[in-house]
Amino acid sequence: MANIQAIRGTKDITPNEIHKWHSIEQILKKISENYGYREIRTPVFEKTEVFSRGVGAGTDIVNKEMYTFADRSGESLTLRPEQTAALVRAIIQNNLVAENPTARLYYIGAYYRYERPQKGRLREFHQYGAECISSPYPESDAETISLADSIIRELGIDEYSLKLNSLGNESSRKTYLEVLIEYLHKNINNLSEESQSRIGINPLRILDSKHTLDIEIVKNAPNILEYLDAESQQHFERVCKYLEAANIKYTITPTLVRGLDYYSHTVFEFQSNYLGSQDAFGGGGRYNKLFSELGAKDTPAVGFAMGIERILLILDVLQKQIDSSGNVQAVIIPTSNNYYEYALRIAAKLRNDFSISTIIDLQRRSLKSQMREAGKISAKYAIIIGDSEFESRSITIKYLNEDGRQIIINEDDLKQELF
RNA sequence: GCGGAAGUAGUUCAGCAGGUAGAGCACCAGAUUGUGGCUCUGGGUGUCGCGGGUUCGAGUCCCGUCUUUCGCCCCA
């Protein structure tokens, strides 16, 4: 019988790697708060309609990637495949834009998509994201991109590209779609099979295809940026200006479209060469229609998300060493099983009175082995309890540095200064 | 969901004309009975992913399955 394994596409985060997560989370929290963003947490599951209406019924995420199930009452629930739609639901429900017109929010959590796993693509994965709610102005687009950029730099990722595009507002996108569809129909015989069938469903996505046939056709396809109306164009120009002012490099990429229906105006993606096929480690854009899609009054918003596992992959390639020093300071070493009672009392004293993280060997090993262990985990002190110490109610403190100095001290004379 | 590759010790990997497994690192124990890091000695810690088939005999060949991985799709 084989051992039980974790679900396909899921991973354990073991104590050996948890420090990487901690330090990333710390950076995310710090930079977010520097920008005035506050954390929000929502449930991992929602009514299915939050996502089917929010993310969009025509998207792959909704059509083939959601973990959807009926609960015992028969209600259709879904494990969140992304945060934005659920976050908007929470904002509406808690009326978070009532107190202050601008809500700046960030989140870190686990998300679920039923996809074929690959490097950097898991069924349970973790995202950080930030959303700026209630400003229709390009300043807020620039603010969120700038926040993302600050985080990436703080993480130590200096080699990446930021792709930027505008999908325009509803009316300019509609105009463009008509022109695009006409063009694609004209060249339908030269498109890949997949793209041929996609014309009617989601023609914008063809622009993003990696198929060689499609790439040829897309080269000469009408450029979405040329179809922006005055309002959309002005918005996009301002965003670009602000980014330049913030010294953030970007590449305008008219073929950048995103797989979620709720985007309009600005869309962007952060890409790295170190990720192989899954080269985007962050992305987002403006979603002015999402609130009304979920039944609230129109509220403009912009935001982005980053994949934490993908960031870890990049940091691994860059060999960014994240400090992993263990936190055990003292190892108590009794040389006889009879001294454990005394040893435990000393341990309690160290932990409670002096706040020193302390362990006692639980394998009843030899003094030599226990000393080895203490050295291996880089403990600062070895507390030895041998025959003479036990009899005189004292302990030997050996300082595990280079000179290895050691002192014998009575239990009652233990002082904070010794550590 | 589609196509290709792989799965051997904690880990990185070797093994193959089919004869029940090996190396480095890690780990454990010891170096004349109370002291870590360096060194030396000793120890293999494994249901060779799982199930079935062929065979006297399978890690090695065949089939299935699970998982990982590369590409597609999609996205973080």
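So that the names make sense, note that chain A is the first sequence line, chain B the second, and so on, each numbered from 1.
- When each of C73(B), G37(B), U68(B) is scored by its nearest atom to the side-chain atoms of Pro117(A), the top-ranked nucleotide is U68(B).
- Taking 3.5 Å as the limit, the base of U35(B) and the side chain of Gln406(A) contain a donor-acceptor pair of atoms between them.
- Taking atom C1' on both A21(B) and G30(B), the two are 27 Å apart, rounded to the nearest angstrom.
- Using a 4.0 Å heavy-atom distance criterion, Arg258(A) is classed as a sugar-phosphate-only contact.
- The separation between Ile385(A) atom CD1 and U35(B) atom P is 17 Å, rounded to whole Å.
- On the C1' atoms, A6(B) is 15 Å away from U65(B), given to the nearest whole Å.
- In this model, the phosphate group of A76(B) is not approached by any side-chain N or O of Arg310(A) to a distance below 4.0 Å at OP1 or OP2.
- Taking the P atoms as reference points, G43(B) lies 28 Å from C50(B), given to the whole Å.
- Taking the six-membered ring where the residue is Trp, Tyr287(A) and Tyr263(A) present perpendicular rings, their angle passing 60° and hence far from 30°.
- Glu309(A) and His126(A) share a donor-acceptor pair across their side chains, judged by distance under 3.5 Å alone.
- Remark: the Glu389(A) side chain and the Ser394(A) side chain contain no N/O donor-acceptor pair separated by less than 3.5 Å.
- Picking from U35(B), A76(B), A29(B) the nucleotide with the shortest atom distance to the side chain of Gln127(A) gives A76(B).
- For the P atoms, the distance from C28(B) to U20(B) is 32 Å, rounded to whole Å.
- Under a cutoff of 6.0 Å and an axis angle of 45°, Arg38(A) and Tyr106(A) do not form a cation-pi pair.
- Within a heavy-atom distance below 4.0 Å of RNA chain B, the residues of residues 106-114 of chain A found are Arg113(A).
- When only modelled atom types and interatomic distance are considered, Glu143(A) and Ser140(A) share no side-chain donor-acceptor pair under 3.5 Å.
- None of Phe236(A), Tyr176(A), Tyr183(A) except one satisfies the ring-ring contact (aromatic ring centres under 6.0 Å, His included) rule with Tyr227(A); the exception is Tyr176(A).
- Judged by Watson-Crick or G-U wobble contacts below 3.5 Å, the nucleotide U47(B) has no partner.
- At the heavy-atom level, Glu82(A) lies nowhere under 4.0 Å from the strands shown.
- You'll find that the side chain of Arg365(A) is closest to C28(B), out of G37(B), U35(B), C28(B).
- With distances taken from any side-chain atom of Lys368(A) to the nucleotides A31(B), C73(B), U68(B), the minimum falls on A31(B).
- Rounded to whole Å, the C1' atom of U32(B) lies 16 Å from the corresponding atom of C40(B).
- The Arg116(A) side chain lies nearest to G3(B) when the options are A29(B), C73(B), G3(B).
- U67(B): Watson-Crick or G-U partner is A6(B), with both key distances under 3.5 Å.
- Residue Asn16(A) contributes atom CG, which lies 15 Å from atom P of A26(B) at whole-angstrom precision.
- Comparing G30(B), C73(B), C28(B) by their nearest atom to the side chain of Arg372(A) picks out G30(B).
- Here, U41(B) and C61(B) have their C1' atoms 43 Å apart, quoted to the whole Å.
- Counted within 6.0 Å of CD on Gln416(A), heavy atoms from surrounding residues, nucleotides or ligands total more than 12; the atom is thus considered enclosed.
- With centres under 5.5 Å and a plane angle under 30° as the test, the ring of Phe281(A) is not stacked against the base of A76(B).
- Here Asp208(A) lies out of heavy-atom contact (under 4.0 Å) with every strand.
- Straight-line distance from the CG atom of Asp361(A) to the C1' atom of C28(B): 13 Å, rounded to whole Å.
- Residue Lys64(A) is classed as a sugar-phosphate contact, given heavy-atom separations below 4.0 Å to backbone atoms only.
- Using a 3.5 Å distance cut-off with no hydrogens or angles, the side chains of Thr78(A) and Thr68(A) do pair a donor with an acceptor.
- As rounded to whole Å, 7 Å separates atom C1' of C72(B) from atom CD of Glu194(A).
- G34(B) is unpaired under the Watson-Crick or G-U wobble criterion, no partner having all donor-acceptor distances under 3.5 Å.
- Using a 4.0 Å heavy-atom distance criterion, Lys398(A) is classed as a base contact.
- Across all strands, Gly404(A) comes closer than 4.0 Å to base atoms (heavy-atom distances).
- In terms of polar N and O atoms assigned as donor or acceptor, the side chain of Glu389(A) comes within less than 3.5 Å of the base of G34(B) in a complementary pairing.
- Between the P atom of C73(B) and the CG atom of Asp279(A) lies a distance of 12 Å, rounded to the nearest Å.
- Phosphate contact (OP1/OP2 of G34(B), side-chain N/O of Thr396(A), threshold under 4.0 Å): absent.
- Nucleotide A29(B) forms a Watson-Crick or G-U wobble pair with U41(B), both donor-acceptor distances falling under 3.5 Å.
- Checked by distance alone, Ser388(A) brings a side-chain donor or acceptor within 3.5 Å of a matching partner on the base of G34(B).
- Of the candidates G30(B), C66(B), C70(B), the closest approach to any side-chain atom of Ser366(A) belongs to G30(B).
- Out of A76(B), U69(B), G36(B), the shortest distance to the side chain of Met371(A) is found at G36(B).
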Name every donor-acceptor pair, under 3.5 Å, that has one atom in a side chain of residues 26-33 of chain A and the other anywhere in the protein, sequence neighbours excluded.
| from | atom 1 | to | atom 2 | distance (Å) |
| --- | --- | --- | --- | --- |
| Lys29(A) | NZ | Glu33(A) | OE2 | 3.2 |
| Lys30(A) | NZ | Glu154(A) | OE2 | 3.0 |
| Ser32(A) | OG | Leu28(A) | O | 2.5 |
| Ser32(A) | OG | Tyr128(A) | OH | 2.7 |

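- Under the Watson-Crick or G-U wobble criterion, with both distances below 3.5 Å, U20(B) has no partner in any strand shown.
- Distance Glu391(A) CD to G34(B) P: 14 Å, rounded to the nearest Å.
- One P atom belongs to G57(B), the other to G3(B), and the distance between them is 35 Å to the nearest Å.
- Taking atom C1' on both nucleotides, A26(B) is separated from C66(B) by 29 Å, rounded to a whole Å.
- One atom, CD of Gln118(A), and another, P of A5(B), lie 16 Å apart when rounded to the nearest Å.
- When each of C27(B), C70(B), U35(B) is scored by its nearest atom to the side-chain atoms of Lys119(A), the top-ranked nucleotide is C70(B).
- Across all strands, Asn401(A) comes closer than 4.0 Å to base atoms (heavy-atom distances).
- Between the side chains of Ser146(A) and Tyr35(A), a donor-acceptor pair is found at a separation under 3.5 Å.
- Both tests do not hold together for Arg310(A) against Phe281(A): distance to the six-membered ring centre under 6.0 Å, angle to the ring axis within 45°.
- With a cut-off of 3.5 Å on both Watson-Crick or G-U wobble distances, the partner of C61(B) is given as G53(B).
- Ile333(A) comes within contact range of no nucleotide atom at all, as no heavy-atom separation falls under 4.0 Å.
- Put simply, the side chain of Gln271(A) and the base of A76(B) share no donor and acceptor less than 3.5 Å apart.
- Side-chain polar atoms of Asp387(A) and Tyr339(A) form a donor-acceptor pair below 3.5 angstrom.
- Comparing Gly284(A) and Gln5(A) against RNA chain B, the residue whose closest nucleotide sits nearer the 5' end is Gln5(A).
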